[in-house]
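Step one of this worksheet: look at the structure below.
Residues: numbered from 1 along the sequence shown. If you're wondering where the values come from, they're calculated on a predicted model, not measured in any experiment.
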Amino acid sequence: MTVVVPVLNEEATLQPLYDGVVQTLGAAGIAAELIFVDDGSTDGTFAILERLHDADPHVRVVSFKRNFGQHPAMHAGIARARGRIVVTMDGDLQNQPADITRLIAAVEAGADVASGRRVTRKDPIFLRRLPSLVINRLLARLTGAHVADFGCAFNAYRRDALEPVMHRIGRQKFTKALVCSTGARVTEVDLDHRARADRSRYGVVSLVKLALHVLTGFWAQLVQWLGTILGVLGILTSLAVGLWGVVYWIRNDNFPGPLFLGGLVLFVLGLQGFLMAVVGENLQRIQRDVEGRPLYYIERELG
């Protein structure tokens, strides 16, 4: 089994996190490796990870040259995992290591994904919980998976379920949503959740960008739908305006030039909408083919 933990400036929580994971797995008699991915920390995080690696051969460390983001860091850890079951979790101790065994038990019982669900979530309502609710509804609709908490990073995966989407993990956010979109068997596990000791790294701008990422990343037909809707509405409206202009012309014996001009403009907008749908389809195909740049650059690797 493998535990993957992306970390960024988590020097205060690393030791208690490590102690909790080792104690939980040791009490359950589960042999595991721990992979910490340092996502460009600027504090003493790497020094602590180096010390943990020197003291415990089961600890492996990947250090990025700079900050590339949580999801590329998650990919780096999952790609190096050797275990049949892979557990992912954050390094901030909002989720408790004691719950690892519950996630593992769900996978061993037959699930491809043991999805953590934060039932007692300790985050601000307007800046975290309400936006998460919206994003969770979007992802459930777009992936077809009935999961209540896509944003929870504390999950367990059968390795066979991760392999089909490894090429997308890191390039897309929400690893759990990617796996669930393949039709994987999902079991939700209720988890304890605690408040962060420091400030959340997600601000309003970050949450808006995250919502846009969900729409563009998981709804490949977004541009096609918008273009089609704009095209249909534009052409239908232009026909209605043109018909109104003809009726006005007949009744008043006065040619309504501005009215017909407005109808022509609406008709052109409708054609542009259809053109946007065609361009969107081509962009979708290009995106699938050319996303080949590296997700991250590694500075050091231990273990």
Side-chain angles (χ1 to χ4, degrees), residues 1-22 24-25 30-95 97 100 103-104 113 116 151-176 178-179 198 201-202 291-303:
M1 195 207 79
T2 302
V3 180
V4 175
V5 189
V7 292
L8 174 63
N9 297 333
E10 302 287 4
E11 62 178 353
T13 60
L14 278 178
Q15 187 65 53
L17 173 65
Y18 168 80
D19 293 340
V21 171
V22 170
T24 297
L25 296 178
I30 300 174
E33 62 176 356
L34 279 73
I35 302 179
F36 291 94
V37 183
D38 181 9
D39 186 23
S41 296
T42 56
D43 60 358
T45 292
F46 182 77
I48 296 174
L49 293 177
E50 193 172 25
R51 176 169 53 81
L52 292 176
H53 167 73
D54 292 340
D56 185 349
H58 297 100
V59 173
R60 301 166 62 193
V61 180
V62 179
S63 177
F64 286 174
K65 289 188 175 182
R66 64 170 178 82
N67 176 247
F68 287 93
Q70 179 188 25
H71 301 280
M74 193 75 75
H75 176 276
I78 293 173
R80 288 161 175 76
R82 301 166 180 159
R84 181 178 59 87
I85 297 174
V86 179
V87 174
T88 62
M89 64 185 303
D90 289 331
D92 55 15
L93 280 180
Q94 283 194 274
N95 293 117
I100 290 178
L103 294 169
I104 296 173
V113 180
C152 181
F154 198 12
N155 309 288
Y157 303 92
R158 193 181 303 276
R159 184 173 184 81
D160 294 343
L162 287 165
E163 289 174 352
V165 294
M166 279 302 299
H167 64 292
R168 298 181 65 193
I169 293 175
R171 300 188 188 281
Q172 298 276 18
K173 300 182 187 294
F174 296 102
T175 298
K176 179 161 53 178
L178 289 173
V179 179
D198 56 358
R201 298 188 177 98
Y202 279 93
E291 280 189 343
R293 67 179 180 177
L295 284 171
Y296 43 80
Y297 294 93
I298 295 173
E299 183 172 20
R300 294 187 63 185
E301 192 165 353
L302 307 176

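- Residues I104 and A156 approach most closely at N-CB, 4.5 Å, considering heavy atoms.
- The one candidate from R80, H58, R60 that meets the side chain to side chain donor-acceptor pair (under 3.5 Å) condition with E33 is R60.
- Considering every non-hydrogen atom in both G116 and C152, the closest pair reads O-CB, 3.4 Å.
- Minimum interatomic distance between A76 and F64 (heavy atoms only, all atoms of both residues): CB-CZ, 3.7 Å.
- Panel note: side chain T13, backbone G91; a donor-acceptor pair is recorded below 3.5 Å.
- Atom-to-atom distance recorded for D92:CG and L17:CG is 9.0 Å, nearest 0.5 angstrom.
- In this structure, CG in D90 is found 7.0 Å from CG in N95, a value given to the nearest 0.5 Å.
- Under the 4.5 Å side-chain criterion, counting only non-hydrogen atoms from C-beta, V61 is not in contact with R300.
- Between the side chain of D39 and the backbone N or O of G69 there is at least one donor-acceptor pair closer than 3.5 Å.
- Contact record, P164 with A161: CD-O, 3.5 Å, taken as the closest heavy-atom pair.
- N155 is not listed as a side-chain neighbour of T175, based on a closest heavy-atom distance of 4.5 Å or more.
- To the nearest 0.5 Å, atoms CG (D43) and CD (E11) are separated by 4.0 Å.
- Y157 is listed as a side-chain neighbour of K176, based on a closest heavy-atom distance under 4.5 Å.
- I48 is listed as a side-chain neighbour of R51, based on a closest heavy-atom distance under 4.5 Å.
- Note: I78 CD1 to I169 CD1 = 4.5 Å, rounded to the nearest 0.5 Å.
- Ring-plane geometry between Y296 and H75 is classed as tilted, the angle between the planes lying from 30 to 60 degrees on a 0 to 90 degree scale.
- In this structure, CG on L34 lies 9.0 Å from OG1 on T2, to the nearest 0.5 angstrom.
- Between L302 and F36 there is no side-chain heavy-atom pair separated by less than 4.5 Å.
- The side-chain heavy atoms of V5 and E10, taken from C-beta on, include no pair separated by under 4.5 Å.
- Across all their heavy atoms, A81 and V86 have their closest contact at CB-CG2, 3.9 Å.
- No side-chain heavy atom of S63 sits less than 4.5 Å from a side-chain heavy atom of E50.
- Listed here is the closest heavy atom pair of A73 and P6: CB-CB, 3.8 Å.
- I30 contributes atom CD1, which lies 8.0 Å from atom CD1 of I85 (distance to the nearest 0.5 angstrom).
- The side-chain heavy atoms of T88 and F154, taken from C-beta on, include no pair separated by under 4.5 Å.
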List the steps, then state whether side-chain contact (heavy atoms from CB on, under 4.5 Å) holds for Y297 with E299. CA-CA 7 Å; Y297 294 93; E299 183 172 20; over 6 Å; no

